[in-house]
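The next block holds one structure in the form of structure tokens; read it before the comments.
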Amino acid sequence: VQLQASGGGLVQAGGSLRLSCAASERTFSLYVMGWFRQAPGKEREFVASISRSGGSSYYADSVKGRFTISRDNAKNTVYLQMNSLNHEDTAVYYCAARARGSIYYSGPSYLSPTDYDFWGQGTQVTVSS
């Protein structure tokens, strides 16, 4: 599956952005979807994931309460609504799809980049202070 992320940009601290990630296949609803981010000089880190139906999600502690992941299976798209942004949120954001594993979603089990099978190209988010 091909993933196309968009929606990044420059925003002031305290502002909001919504990222989108469109998938190329109608089998999108079969994938657990995730968002990761990578800041310069740092490893890629987990941000959020969402179950196939969209009914369950899991967040990194650093974004809990500020970010919301959602999906629209009819549009083959996953979103990341980011509010109350701060400088530490500056990074390239990647969407990822997990095709393997149990049909049952377990958020804490999908925190590593190696848990995902397909990746988008990334979109830059820069938060100015």
Side-chain angles (χ1 to χ4, degrees):
V1 61
Q2 293 184 328
L3 303 173
Q4 181 73 37
S6 61
L10 175 64
V11 63
Q12 289 188 332
S16 299
L17 279 176
R18 187 175 85 153
L19 305 183
S20 299
C21 174
S24 61
E25 296 183 1
R26 287 178 287 180
T27 53
F28 174 75
S29 63
L30 299 180
Y31 304 135
V32 170
M33 297 299 297
W35 285 97
F36 285 73
R37 66 186 182 186
Q38 189 166 18
K42 295 188 177 181
E43 293 185 352
R44 192 168 298 190
E45 67 172 357
F46 170 80
V47 175
S49 69
I50 190 167
S51 64
R52 295 171 179 84
S53 69
S56 299
S57 57
Y58 190 81
Y59 297 90
D61 287 343
S62 59
V63 307
K64 199 174 297 182
R66 300 188 297 122
F67 291 11
T68 302
I69 188 171
S70 62
R71 66 190 296 164
D72 186 337
N73 287 343
K75 296 182 178 179
N76 296 343
T77 302
V78 62
Y79 304 97
L80 186 68
Q81 176 67 44
M82 304 185 296
N83 299 329
S84 301
L85 286 161
N86 57 59
H87 182 68
E88 287 69 37
D89 297 317
T90 295
V92 177
Y93 283 70
Y94 298 89
C95 59
R98 174 181 170 89
R100 55 194 145 99
S102 170
I103 62 171
Y104 299 106
Y105 172 77
S106 176
S109 300
Y110 314 135
L111 306 185
S112 169
T114 59
D115 293 323
Y116 294 80
D117 304 296
F118 305 101
W119 290 86
Q121 85 288 1
T123 184
Q124 176 71 47
V125 172
T126 303
V127 183
S128 63
S129 54

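Just the heavy atoms: all of them, side chains too, but no hydrogens, waters or symmetry mates, feed the values below.
Of all heavy-atom pairs between A5 and C95, the closest is CB-SG, 4.1 Å. Heavy atoms only, all atoms of each residue included: A91 and A39 are closest at CB-N, 3.8 Å. Here the shortest heavy-atom pairing between S129 and A13 reads CA-CB, 4.3 Å.
S128 is listed as a side-chain neighbour of L10, based on a closest heavy-atom distance under 4.5 Å. Residues M82 and D89 fail the side-chain proximity criterion, which asks for heavy atoms closer than 4.5 Å. Considering only heavy atoms from C-beta on, S62 comes within 4.5 Å of R37 through its side chain. Residues T123 and S6 are not in side-chain contact: their nearest non-hydrogen atoms beyond the backbone lie 4.5 Å or more apart. Between S109 and Y58, every side-chain heavy-atom pair lies at or beyond the 4.5 Å cut-off. Contact check for L85 versus Q12: no side-chain heavy atoms found under the 4.5 Å cut-off. Counting heavy atoms from C-beta on, the side chains of R66 and Y59 never come closer than 4.5 Å. In this structure, the side chains of R52 and V32 come closer than 4.5 Å at one or more pairs of heavy atoms.
The 12-atom threshold is exceeded at NZ of K64, counting heavy atoms of other residues, nucleotides or ligands nearer than 6.0 Å. Within 6.0 Å of the CD atom in Q2, the count of heavy atoms belonging to other residues, nucleotides or ligands does not exceed 12.
The residue from L19, L3, I69 that alone fulfils the side-chain contact (heavy atoms from CB on, under 4.5 Å) condition with V78 is I69.
Using bins of under 30°, 30° to 60° and over 60° for the plane-to-plane angle, the ring pair Y116/F36 lands in the perpendicular bin. Ring-plane geometry between F67 and Y93 is classed as tilted, the angle between the planes lying from 30 to 60 degrees on a 0 to 90 degree scale. A tilted orientation is assigned to the rings of F118 and Y31, their planes being inclined by 30° to 60°.
With values rounded to the nearest 0.5 angstrom, D72 atom CG is found 11.5 Å from S29 atom OG. Rounding to the nearest 0.5 Å places CE of M33 at 9.5 Å from CG of N73. The distance from the CZ atom of R18 to the OG1 atom of T68 is 11.5 Å, given to the nearest 0.5 Å. Here the OG1 atom belonging to T114 is positioned 9.0 Å from the CZ atom belonging to R98, to the nearest 0.5 angstrom.
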Ring pair (Phe, Tyr, Trp, His ring centres under 6.0 Å) between Y110 and Y105, intermediate numbers included: CA-CA 9 Å; Y110 314 135; Y105 172 77; 5.6 Å; yes
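Here the side chain of R71 pairs a donor or acceptor atom with the backbone of F28 at under 3.5 angstrom.
One hydrophobic cluster, built from ILVMFWY side chains closer than 4.5 Å, cannot hold both L111 and V63; they sit in different ones. Follow the hydrophobic side-chain contacts under 4.5 Å out from Y79 and you never reach V11; the two are in separate clusters. There is no path of hydrophobic side-chain contacts, each under 4.5 Å, that joins Y94 to V1.
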